[in-house]
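Heads up: the structure comes next, in structure tokens.
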Amino acid sequence: MPIDTELYQRIVTAKVYIDDNFREAIDLDKIAGQACLSRFHFHRLFTKVYKITPHQYLTQKRINKAKDLLNEQHLTITEVCNEVGFESIGSFSILFKKEIGFAPTYYRNMAWLKQQQVKEQPKQFIPHCFIDGYQLEK
């Protein structure tokens with residue numbers, strides 16, 4: 001059964017709330033409140049619309065931002081953890097490794113190595129092929 005427009009807009013409003021406030025300590029009650037729905041009804045509708053739970057979406061949002069911050073190299077792992085809204089370095093590290101496949105420190109080191117390789121790799125000149133003089137046999 002399709003979701004009516006008004007309910008859909010309320011679900012989108014709650015998603016935008018997550019996008020804008022993922023750094024804060026937000027829970028399902030706060031998010032559902034943005035949609036003016038009970039937490040259970042909101043959870044069911046959000047999952048139906050986005051194919052993931054609100055908690056999974058929030059975690060994904062935080063992990064993606066953490067990846068960006070880890071690539072920049074100017075914050076410690078603890079600062080990244082706090083910046084993206086995790087309350088403990090332990091839960092951040094476990095979730096990051098679960099989602100990405102690497103611990104945050106390892107991910108940062110790999111990003112740094114990639115950046116160094118790009119800097120050190122010489123720019124290659126690929127000459128233009130002149131095929132005017134080359135005739136294909138017919």
Side-chain angles (χ1 to χ4, degrees):
M1 177 177 203
I3 299 173
D4 73 9
T5 306
E6 187 221 340
L7 271 179
Y8 182 79
Q9 288 174 341
R10 289 201 262 166
I11 298 300
V12 171
T13 299
K15 181 195 164 290
V16 170
Y17 176 78
I18 295 171
D19 292 340
D20 292 343
N21 297 284
F22 70 91
R23 291 176 176 93
E24 308 300 321
I26 56 177
D27 59 14
L28 186 58
D29 289 324
K30 283 183 184 177
I31 301 166
Q34 295 298 309
C36 300
L37 296 169
S38 75
R39 62 184 297 174
F40 304 106
H41 191 52
F42 170 75
H43 188 278
R44 188 172 4 94
L45 291 174
F46 188 97
T47 304
K48 183 176 182 178
V49 170
Y50 293 107
K51 310 296 185 227
I52 58 174
T53 68
H55 184 264
Q56 289 169 328
Y57 180 79
L58 176 61
T59 299
Q60 195 175 68
K61 188 81 176 161
R62 288 175 171 170
I63 295 294
N64 287 337
K65 182 61 177 177
K67 284 171 47 180
D68 292 343
L69 293 174
L70 289 169
N71 283 330
E72 294 174 8
Q73 306 286 325
H74 67 279
L75 296 175
T76 67
I77 303 297
T78 302
E79 290 170 333
V80 169
C81 168
N82 294 330
E83 180 70 24
V84 299
F86 285 97
E87 294 180 10
S88 79
I89 189 74
S91 63
F92 169 65
S93 295
I94 289 168
L95 278 170
F96 192 91
K97 186 171 184 175
K98 180 182 172 191
E99 294 293 319
I100 305 304
F102 304 109
T105 304
Y106 185 80
Y107 181 87
R108 166 174 273 165
N109 292 340
M110 293 304 294
W112 182 82
L113 282 174
K114 285 179 186 176
Q115 291 171 358
Q116 294 308 308
Q117 288 173 346
V118 167
K119 288 178 185 177
E120 293 171 3
Q121 184 176 13
K123 300 209 185 285
Q124 296 180 347
F125 175 72
I126 301 173
H128 179 25
C129 292
F130 295 98
I131 59 170
D132 293 339
Y134 182 73
Q135 295 289 323
L136 293 175
E137 293 183 26
K138 293 183 181 181

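Note that the numbering runs from 1 along the sequence shown for the chain. Heavy-atom basis, side chains included; hydrogens, waters and symmetry copies ignored.
- Under a 3.5 Å cut-off, the side chain of Gln115 and the backbone N or O of Glu72 do not form any donor-acceptor pair.
- Transitive grouping of hydrophobic side chains (ILVMFWY, heavy atoms separated by less than 4.5 Å) keeps Leu69 and Ile94 in distinct clusters.
- Shown here are the side-chain hydrogen bond (donor to acceptor under 3.5 Å, both in side chains) partners of Arg39, two or more places apart in sequence or in another chain: there are none.
- Listed by first and then second residue, the salt bridge (charged side-chain N to carboxylate O under 4.0 Å, His left out) pairs that reach into residues 100-112 come to none, sequence neighbours excluded.
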Open item on the list: Assess the residue pair Ile77 and Leu70 against the criterion (side-chain contact (heavy atoms from CB on, under 4.5 Å)); give the C-alpha distance rounded to whole Å, side-chain angles, the decisive distance to 0.1 Å, and a yes or no.
Closed with: CA-CA 8 Å; Ile77 303 297; Leu70 289 169; 3.4 Å; yes

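- The ring pair (Phe, Tyr, Trp, His ring centres under 6.0 Å) contacts involving residues 3-26 comprise nothing, where partners must be two or more places apart or lie in separate chains.
- The list of ring pair (Phe, Tyr, Trp, His ring centres under 6.0 Å) pairs with a residue in residues 72-96, not counting sequence neighbours, reads Phe86-Phe92, Phe92-Phe96, Phe96-Tyr107.
- Residues meeting the side-chain contact (heavy atoms from CB on, under 4.5 Å) test with Ala35, sequence neighbours left out: Arg10, Ala14, Leu37, Phe42.
- Applying the side chain to side chain donor-acceptor pair (under 3.5 Å) test to residues at least two apart or on different chains, the pairs with a partner in residues 54-64 are Lys15-Tyr57, Asp19-Tyr57, Thr53-Gln56.
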Open item on the list: As a quick check of understanding, evaluate side-chain contact (heavy atoms from CB on, under 4.5 Å) for Leu7 and Leu45, giving each step before the final call.
Closed with: CA-CA 9 Å; Leu7 271 179; Leu45 291 174; 4.0 Å; yes

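- Scored by the side-chain contact (heavy atoms from CB on, under 4.5 Å) test, Asp20 finds Val16 as partners (sequence neighbours excluded).
- Under the side chain to side chain donor-acceptor pair (under 3.5 Å) criterion, the residue pairs touching residues 89-99 are Ser88-Ser91, with sequence neighbours excluded.
- Residues forming a side-chain contact (heavy atoms from CB on, under 4.5 Å) with Thr5 (at least two apart in sequence, or on another chain): Gln9.
- Arg23 meets the side-chain contact (heavy atoms from CB on, under 4.5 Å) test with Lys65, Glu83; sequence neighbours excluded.
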